[in-house]
**Student:** 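Would you mind keeping the following structure in view while I ask a few things?
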Amino acid sequence: MEKEDYIGYLKFYGENIEKGIIQADVAGQALLGFDECIRFFNKKQCPTIILYDYKIPVITEKGSWVVWLLGSIAAGASVFGASYLKKAGEKMAEKDFQDIGFSDIFKKSLSALRNFIELIKHKKGKIDWENEAWHITQKNDEFFVSSENELGESILIPVEQIEWFKNMPPKILDKLVQGVMIGQSLAIGVKSGDGHFDTTSITNKEKNLFLNSEEDEQEEIIFPELIHGEIMQLEGKLIRGNEKTNSLGFEYKGVILNCHPTKGSIRQYKSSLFLKCKIDCYIDRHSKSEFIYDKKPTLYLESVEPLEIDQPNLF
């Protein structure tokens with residue numbers, strides 16, 4: 001594998017690493033945390049990616065603690081797991097991702113992770129996501145959010161990424177920063193267009209900015225019979241639509257569940273809005289974290305069949 005295929009990295013560095021010291025549990029947790037973060041941002045870019053059993057391709061570097069994120073897969077290998085290949089084969093993947101490659105998705109996710117770390121450091125961990133004084137600015141053909149810290153310094157973050165950050169699970173970085181300590185810092189790099197790496201780091205002094213001190217809340221699981229990964233048929237009512245997030249509300253047994261079309265815009269279901277419907281959907285109970293079961297499921301619509309006569313609605 002040539003280094004030209006590397007699109008970014010995660011590494012620990014410092015005195016401990018130079019001495020060859022790193023705990024096995026720390027290394028394992030960092031990899032799990034890295035995988036969880038990348039998958040979270042992958043899903044924000046392409047919600048239907050959860051329908052596929054895919055792997056995040058990485059390679060370790062001999063003689064150091066560096067994990068490289070790959071932009072291409074070795075010959076004969078696949079980004080998809082065996083269960084996906086059994087069900088559908090690679091032709092479906094080619095169709096679903098014809099406009100954007102996995103390399104682009106992975107790189108954008110790593111860039112978002114880097115930007116999130118930079119923003120937390122910039123604001124010293126003090127961010128009120130709903131009431132922050134964000135300012136929109138344009139740079140070339142892209143739009144960014146400009147945020148000032150207490151020193152009056154500004155940082156630019158892509159607008160869409162700010163929306164992603166607002167929905168990040170509170171403890172999503174806990175595993176990633178667990179290995180940060182005296183003599184051991186964490187760094188993340190993303191390959192830029194000119195071949196250099198845009199980097200950020202987390203030192204022991206900065207570690208607490210990324211740890212969530214809130215106690216875990218024991219919440220009751222709603223509709224435990226709606227099992228993650230299953231395709232099910234449900235009856236309820238589509239009650240609202242949001243084109244900005246391409247999402248719908250589905251009233252099921254008195255509870256509103258968030259749902260998205262697996263393909264296309266929610267406009268395709270306009271005629272079914274506010275009607276009792278029968279839907280075929282994929283159940284997702286890991287929308288916030290790959291390792292924590294969501295209290296409420298998110299539905300991904302395969303089909304919608306109205307069970308009532310159409311009537312005027314507002315969309």
Side-chain angles (χ1 to χ4, degrees), residues 1-18 22 27 30-31 33-42 44-46 55-74 79 100-123 137-149 151 153-162 164-165 168 172-173 176-177 179-180 183-207 209-210:
M1 181 69 67
E2 299 293 330
K3 283 208 171 185
E4 286 75 14
D5 296 316
Y6 299 173
I7 57 177
Y9 63 81
L10 164 75
K11 74 174 181 179
F12 284 107
Y13 67 95
E15 183 180 351
N16 292 354
I17 306 302
E18 292 170 3
I22 188 168
L31 282 173
F34 186 61
D35 184 271
E36 185 174 354
C37 289
I38 296 300
R39 286 180 184 274
F40 174 85
F41 289 122
N42 287 352
K44 288 299 180 183
Q45 294 179 68
C46 183
K55 311 299 179 185
I56 296 175
V58 297
I59 189 170
T60 55
E61 184 172 305
K62 188 176 180 180
S64 64
W65 206 98
V66 181
V67 176
W68 290 95
L69 181 62
L70 306 181
S72 63
I73 314 300
V79 73
I100 182 170
F102 271 97
S103 174
D104 299 317
I105 294 175
F106 293 155
K107 185 174 181 179
K108 195 170 184 178
S109 292
L110 185 59
S111 178
L113 176 57
R114 175 194 171 275
N115 288 340
F116 181 67
I117 291 172
E118 284 287 282
L119 181 61
I120 295 297
K121 290 167 57 175
H122 177 73
K123 300 288 288 186
T137 184
Q138 184 174 5
K139 186 177 180 182
N140 298 324
D141 294 327
E142 296 183 74
F143 287 91
F144 295 84
V145 166
S146 175
S147 176
E148 285 192 359
N149 61 14
L151 299 177
E153 301 165 331
S154 295
I155 188 173
L156 295 179
I157 305 291
V159 171
E160 63 178 352
Q161 291 184 12
I162 291 293
W164 299 348
F165 299 163
M168 290 184 73
I172 194 170
L173 293 183
L176 199 61
V177 302
V180 175
Q184 192 164 292
S185 300
L186 178 75
I188 287 174
V190 187
K191 196 172 187 178
S192 63
D194 61 7
H196 291 85
F197 287 87
D198 297 323
T199 64
T200 190
S201 62
I202 301 175
T203 66
N204 188 56
K205 290 182 178 180
E206 298 165 331
K207 180 177 180 178
L209 298 178
F210 301 90

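Both backbone and side-chain heavy atoms feed into the values below; hydrogens, waters and symmetry mates do not.
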**Student:** Please determine whether side chain to side chain contact (heavy atoms under 4.5 Å, CB included) holds for the pair Q161 and F41, giving the CA-CA distance in whole Å, both sets of side-chain angles, and the decisive distance to 0.1 Å.
**Tutor:** CA-CA 9 Å; Q161 291 184 12; F41 289 122; over 6 Å; no
**Student:** If you compare all heavy atoms of S201 against all heavy atoms of Y13, which two are closest, and at what distance to 0.1 Å?
**Tutor:**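 Reported closest heavy-atom pair: CB-OH, 3.6 Å.
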**Student:** Please name the pair of heavy atoms, one in S154 and one in E148, separated by the smallest distance, quoted to 0.1 Å.
**Tutor:**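 Answer, listing the atom of S154 first, then E148: OG-CG, 3.4 Å.
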**Student:** Find out whether L113 and L176 are in side-chain contact, i.e. whether some heavy atom of one side chain is under 4.5 Å from a heavy atom of the other.
**Tutor:**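 In contact.
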**Student:** For S146 versus L156, what's the shortest heavy-atom pair and its separation?
**Tutor:**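 Minimum heavy-atom contact is CB-CD2, 3.7 Å.
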**Student:** For K191, does its backbone N or O pair with a side-chain atom of K107 as donor and acceptor, under 3.5 Å?
**Tutor:**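 The answer is yes, because a donor-acceptor pair under 3.5 Å joins these two groups.
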**Student:** When rounded to the nearest 0.5 angstrom, what is the spacing between CZ in F106 and CZ in R39?
**Tutor:**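 Interatomic distance, F106 CZ to R39 CZ, rounded to 0.5 Å: 8.0 Å.
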**Student:** Could you tell me if the side chain of Y6 sits less than 4.5 Å from the side chain of L70, heavy atoms only?
**Tutor:**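 Side chain of L70 against side chain of Y6, heavy atoms only: contact under 4.5 Å found.
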**Student:** Can you find a side-chain donor-acceptor pair between D198 and S192 that sits under 3.5 Å?
**Tutor:**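 Judged by distance alone, the side chains do not pair up.
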**Student:** Give the minimum heavy-atom separation between K11 and V66, together with the two atoms involved.
**Tutor:**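 Looking at all heavy atoms of both residues, the shortest contact is CB-CG2, 3.7 Å.
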**Student:** Distance check, rounded to the nearest 0.5 Å: I38 atom CD1 versus I105 atom CD1?
**Tutor:**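 Reported value, rounded in 0.5 Å steps: 12.0 Å.
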**Student:** How close do R114 and I188 get, heavy atom to heavy atom, and via which atoms?
**Tutor:**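 Between these two residues, the closest heavy atoms are CB-CG2, 4.4 Å.
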**Student:** Please round to the nearest 0.5 Å and tell me the distance separating atom CD1 of I202 and atom CD of E206.
**Tutor:**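 If we round to the nearest 0.5 Å, I202:CD1 and E206:CD are 7.5 Å apart.
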**Student:** May I have the step-by-step check of side chain to side chain contact (heavy atoms under 4.5 Å, CB included) for V190 and L69, ending in yes or no?
**Tutor:** CA-CA 9 Å; V190 187; L69 181 62; over 6 Å; no
**Student:** Rounded to the nearest 0.5 Å, what separation is found between the CG atom of L173 and the CE atom of M168?
**Tutor:**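 Separation between the atoms: 5.0 Å.
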**Student:** To check you understand the geometry: which heavy-atom pair defines the closest contact between A30 and F12, and what is its length?
**Tutor:**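 Between these two residues, the closest heavy atoms are CB-CE1, 3.7 Å.
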**Student:** Can you tell if the side chain of W65 reaches within under 4.5 Å of the side chain of L186, non-hydrogen atoms only?
**Tutor:**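 Side-chain contact under 4.5 Å: no.
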**Student:** Roughly how far, to the nearest 0.5 Å, is the CG atom of L209 from the NZ atom of K121?
**Tutor:**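 Between K121 NZ and L209 CG, I get 9.0 Å after rounding to 0.5 Å.
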**Student:** Does E118 use its side chain to pair, donor to acceptor, with the backbone of I120 at less than 3.5 Å?
**Tutor:**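 A pair under 3.5 Å: no.
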**Student:** Could you check I157 against S147 for side chain to side chain contact (heavy atoms under 4.5 Å, CB included), going step by step and ending with a plain yes or no?
**Tutor:** CA-CA 8 Å; I157 305 291; S147 176; over 6 Å; no
**Student:** In Å and rounded to the nearest 0.5 Å, what is the CZ to CD distance from F144 to E160?
**Tutor:**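 Between F144 CZ and E160 CD, I get 10.0 Å after rounding to 0.5 Å.
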**Student:** Are T203 and V180 close enough that some pair of their side-chain heavy atoms sits under 4.5 Å apart?
**Tutor:**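 They are not in contact (no side-chain heavy atoms under 4.5 Å apart), so the answer is no.
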**Student:** Pick one: which of I155, T200, V145 meets side chain to side chain contact (heavy atoms under 4.5 Å, CB included) with L119?
**Tutor:**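 Running side chain to side chain contact (heavy atoms under 4.5 Å, CB included) over I155, T200, V145 with L119 returns exactly one hit, I155.
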**Student:** How about CG on D194, more than 12 heavy atoms from neighbouring residues, nucleotides or ligands closer than 6.0 Å, or not?
**Tutor:**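 Atom CG in D194 is crowded, with more than 12 foreign heavy atoms closer than 6.0 Å.
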**Student:** Is K139 salt-bridged to E142, going by a charged N under 4.0 Å from an acidic O?
**Tutor:**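 E142 and K139: not salt-bridged.
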**Student:** Let me see the working for F116 and C37 under side chain to side chain contact (heavy atoms under 4.5 Å, CB included), right down to the final yes or no.
**Tutor:** CA-CA 11 Å; F116 181 67; C37 289; over 6 Å; no
